[in-house]
Amino acid sequence: MTNAPHVSNPTHLPTPAPAPTATPTLQDPLPLRPLTTLKWPYVPDISAYPDPLTRDDPKPLQQHHYEAIATSSTTRTLLRTNPRLCDLLTSIDALRGAEREEALQRALGVDSRLLKNDAAACSLDEDTSAFRELAEAVEVAVRGGQGNVLGLDWE
């Protein structure tokens, strides 16, 4: 009989118990979706020969503008800290025509009667202030740091 030393299999070693942690572990935040998976609005092609009569007219947003808005940290923070903004934007998006314009004016606290009468001062509620901050954040994202163009003026 041979007395060979007994070698234990290393795969059957007991695993040590995890050390207790003093602080609870935080869950990983949801990963952001790639921009290529989002449904973007239709963007018409830019004409190679712009019409000089419409040069100063408002232009539709292009793909890079939507991407700038979607990746703006200020826009994301405002939407996260003001949950009513999402409901307000959804309700305005459901409207069309003059109703939509009136709803936007109410949400921004801009009233054509008040614009005609500068003496009438009004205080803004929390939703209006948040909506104005969102409008300014979107404008900054779309303008891309160009300071030489006209922007929003609430005064």
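Numbering starts at 1 and runs along the sequence shown.
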(message) Once rounded to the nearest 0.5 Å, what's the spacing between atom CD of Glu101 and atom CD1 of Ile92?
(response) 10.0 Å
(message) In the structure I gave you, are the side-chain heavy atoms of Val140 and Thr74 within less than 4.5 Å of one another anywhere?
(response) no
(request) Write down the atom of Arg132, the atom of Val110, and the distance for their closest heavy-atom approach. (result) NH2-CG2, 4.2 Å
(message) In the structure I gave you, are the side-chain heavy atoms of Arg100 and Asp93 within less than 4.5 Å of one another anywhere?
(response) yes
(message) I need the minimum non-hydrogen distance between Ser91 and Leu88, along with the two atoms involved.
(response) OG-O, 2.8 Å
(request) Work out which heavy atom in Ala141 is nearest to a heavy atom in Ser72; give both atom names and the distance. (result) CB-CB, 4.2 Å
(message) Exactly one of Leu78, Asp125, Leu104 should register a side chain to side chain contact (heavy atoms under 4.5 Å, CB included) with Phe131. Which one does?
(response) Leu104
(request) Give a yes or no on whether Ile69 and Leu89 share a hydrophobic cluster (residues Ile, Leu, Val, Met, Phe, Trp, Tyr; joining criterion: side-chain heavy atoms under 4.5 Å apart). (result) yes
(request) Working to the nearest 0.5 Å, report the span between CG of Leu95 and OG1 of Thr90. (result) 11.0 Å
(message) Ignoring hydrogens, what is the shortest heavy-atom contact between Asp127 and Arg84? Give both atom names and the distance.
(response) OD2-NH2, 2.6 Å
(message) Once rounded to the nearest 0.5 Å, what's the spacing between atom CZ of Arg76 and atom OG1 of Thr71?
(response) 7.0 Å
(request) Please confirm whether the backbone N or O of Leu53 pairs with a side-chain atom of Asp51, one donor and one acceptor, at under 3.5 Å? (result) yes
(request) List the steps, then state whether side chain to side chain contact (heavy atoms under 4.5 Å, CB included) holds for Leu61 with Val142. (result) CA-CA 8 Å; Leu61 295 177; Val142 169; 3.9 Å; yes
